[in-house]
Structures are given as structure tokens and as C-alpha cells.
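Naming: A, B, ... by sequence-line order, numbering from 1 per chain.
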Amino acid sequence: KQEVTQIPAALSVPEGENLVLNCSFTDSAIYNLQWFRQDPGKGLTSLLLIQSSQREQTSGRLNASLDKSSGRSTLYIAASQPGDSATYLCALLYTGTASKLTFGTGTRLQVTL
Amino acid sequence: DVKVTQSSRYLVKRTGEKVFLECVQDMDHENMFWYRQDPGLGLRLIYFSYDVKMKEKGDIPEGYSVSREKKERFSLILESASTNQTSMYLCASSIDRRFPQHFGDGTRLSIL
């Protein structure tokens with residue numbers, strides 16, 4: 001069974017800090033990895049998608065990296081803002097498992113003033 | 001802007017009722033998905049559909065069925081609601097049948 005772990009489950013940082021969210025997985029036979037953001041009571045918004053052949057993707061203040069050999073992905077958020085407060089989920093699409101993303105349970109981020 | 005709309009944000013039903021959750025997308029996507037989200041368990045796929053009248057089971061289809069009569073609409077049906085189906089239900093659509101891209105805001109369903 002493929003497992004996707006996100007630690008810590010919750011994180012609080014002061015505004016302006018750079019921070020890293022972690023995603024660990026046990027099976028490296030992945031097709032791609034996505035990072036999503038979920039605001040309270042809302043659906044998911046896709047932030048970044050990294051293909052298996054890529055090492056990282058960047059969008060504005062966000063940078064996601066992928067290291068298949070160590071079974072790890074990180075989401076780096078630069079100069080955090082209160083508007084970044086949300087739950088961040090990683091999700092992996094494994095090769096050979098059509099149409100079934102495996103989601104982590106998420107890290108709830110709070111950026112304080 | 002792309003939009004996936006779920007008909008209800010909050011819904012309260014009784015045990016044994018037949019419950020319908022509706023989802024509509026305006027992007028002409030062929031692929032649509034239903035997930036449930038529970039604390040500590042993450043998102044789990046219930047059913048997905050890659051074309052009108054086509055459906056495939058996800059990881060937890062028991063107790064659920066789906067209907068896709070039109071391309072833009074994908075309905076999740078709880079045949080006889082039970083308390084363990086109390087959850088947040090999320091609908092999604094996608095160009096790619098392997099993974100969802102656009103999510104609705106969810107329906108928080110409580111079964112009493």
C-alpha cells in the first residue's frame with residue numbers, strides 16, 4: 001500500500017518567514033506529484049505539478065522540489081503572508097494506478113501577524 | 001474562469017434516506033471525480049467517470065453509486081445513508097483522466 005506522509009500536521013510561523021513543508025512517500029514509482037492548497041470549508045486548488053522527470057517547479061513565491069530516490073518532496077514558501085494560511089496537501093500519481101491520486105493528510109499552516 | 005459547482009454546501013439527512021449530491025462543471029471536461037475527505041484519512045476516491053454513462057469504482061465505492069447522464073453533470077448517490085457516511089464530499093473535473101485538476105467547494109454532509 002502506497003503511503004504519503006506530511007509532517008508536521010500543523011505549523012504556525014510569523015509573517016515574513018520562509019518555510020518548508022514536507023511530503024514523504026514510500027513508493028518511488030511515481031508519474032507526477034502535485035501540491036494543493038485548501039482553504040477552510042473550500043475545495044482544493046492546484047499549486048504546482050512536478051513530473052517524474054523533473055526536480056522542481058516554481059510559481060511566484062512557491063517552489064516545489066522532488067527527490068524520488070529519498071522519497072521526498074518539499075514545498076518552499078518565501079516571505080510568508082497571512083493569506084498563505086491554509087492546509088497544504090501533496091498528492092502522488094503512481095505509475096500503473098490509472099486515475100487514482102494518493103493524497104497526504106496535509107499540513108495546516110497559520111501565518112501570524 | 002473554470003468552475004466546478006456543487007449544489008449544496010451543507011446537507012443534513014437521516015439514516016436510511018436516499019441522498020443525492022450534484023456536481024456541475026462548465027469546462028466541457030470528459031473526466032469527473034467524487035472524493036470524500038475525513039480527518040486523518042485524507043481524500044479518498046469514491047467513483048470517477050471518463051465519459052457520459054461511463055463510471056469506474058475508486059477506492060471506497062461501497063454504499064455509493066453515481067450517475068453521468070450529461071457531460072457536465074456527475075451525481076453521487078447514497079442509496080441508504082448511514083452515519084459513517086458523514087463527511088466532506090468533493091467533486092472534481094479534469095482534462096486528464098488520471099488525476100483531478102479543478103475542485104468544487106465541497107458538500108459537508110451530516111447523517112443523523
Side-chain angles (χ1 to χ4, degrees), chain A residues 1-10 21-27 29-52 54 57 59 64 66 73 86-108, chain B residues 1-6 8-11 21 23-25 27 29-51 54-61 66 87-109:
Chain A
K1 181 181 179 230
Q2 296 131 349
E3 292 187 5
V4 182
T5 305
Q6 292 186 249
I7 296 174
L21 305 179
N22 297 297
C23 174
S24 301
F25 46 93
T26 54
D27 187 343
I30 65 172
Y31 187 83
N32 64 38
L33 182 147
Q34 285 193 74
W35 280 94
F36 290 89
R37 168 188 173 132
Q38 185 176 29
D39 292 290
K42 297 279 192 177
L44 279 66
T45 300
S46 181
L47 297 173
L48 291 163
L49 184 149
I50 308 177
Q51 299 291 351
S52 175
Q54 297 175 318
Q57 281 284 346
S59 175
L66 175 63
S73 174
T87 296
Y88 291 82
L89 299 106
C90 65
L92 280 70
L93 183 68
Y94 286 94
T95 56
T97 56
S99 300
K100 294 183 189 178
L101 277 188
T102 300
F103 284 86
T105 52
T107 294
R108 189 171 68 253
Chain B
D1 201 12
V2 299
K3 199 150 181 70
V4 178
T5 303
Q6 295 184 233
S8 303
R9 292 298 307 278
Y10 302 95
L11 208 53
L21 302 184
C23 176
V24 177
Q25 51 99 0
M27 294 159 284
H29 287 164
E30 292 181 338
N31 307 290
M32 297 187 74
F33 307 78
W34 274 107
Y35 288 87
R36 65 178 282 178
Q37 184 177 26
D38 301 287
L41 296 177
L43 275 82
R44 293 178 291 168
L45 180 65
I46 305 171
Y47 268 98
F48 70 96
S49 169
Y50 53 88
D51 201 352
M54 305 301 288
K55 61 185 179 183
E56 288 206 19
K57 294 179 180 179
D59 296 317
I60 51 165
V66 290
S87 186
M88 171 72 120
Y89 289 87
L90 292 165
C91 174
S93 73
S94 181
I95 294 173
D96 195 315
R97 66 183 288 179
R98 293 167 299 177
F99 54 88
Q101 293 171 301
H102 305 282
F103 282 81
D105 282 342
T107 295
R108 188 164 292 282
L109 175 65

Mark yes or no for whether A:Thr95, through its side chain, and A:Ala29, through its backbone, hold a donor-acceptor pair below 3.5 Å.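 Indeed, once roles are kept as given, a pair shorter than 3.5 Å links the two residues.
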
Spell out, as yes or no, whether a donor-acceptor pair under 3.5 Å connects the side chain of B:Asn31 to the backbone of B:Ser94. yes

Does a sphere of radius 6.0 Å around CZ in A:Arg108 hold more than 12 heavy atoms from other residues, nucleotides or ligands, not counting ones at 6.0 Å or beyond? no

Proximal component of [X], with respect to chain A [non-hydrogen, under 4.5 Å]:
X       : answer
B:Arg9  : side chain
B:Gln37 : side chain
B:Leu90 : side chain

Residue selection (most heavy-atom pairs with chain A, distance under 4.5 Å) from B:Gly58, B:Pro39, B:Gly104: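 When all of B:Gly58, B:Pro39, B:Gly104 are compared, B:Gly104 has the most.
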
Any side-chain heavy atom of B:Lys57 within less than 4.5 Å of one from B:Tyr47?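 The answer is yes, as the side chains (C-beta and beyond) meet within the 4.5 Å cut-off.
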
Could you tell me if the side chain of A:Gln54 sits less than 4.5 Å from the side chain of A:Leu66, heavy atoms only? no

Parallel, tilted or perpendicular: which one describes the rings of B:Phe33 and B:Tyr35, with boundaries at 30° and 60°? parallel

Below 30° counts as parallel, above 60° as perpendicular, anything between as tilted: where do the rings of A:Phe36 and A:Phe103 land? tilted

Where along residues 37-46 of chain A does a heavy atom come under 4.5 Å of chain B, listed by residue number? A:Gln38, A:Gly41, A:Lys42, A:Gly43, A:Leu44, A:Ser46

Among all residues two or more places apart in sequence or in another chain, which pass the side-chain hydrogen bond (donor to acceptor under 3.5 Å, both in side chains) test with A:Ser59? none

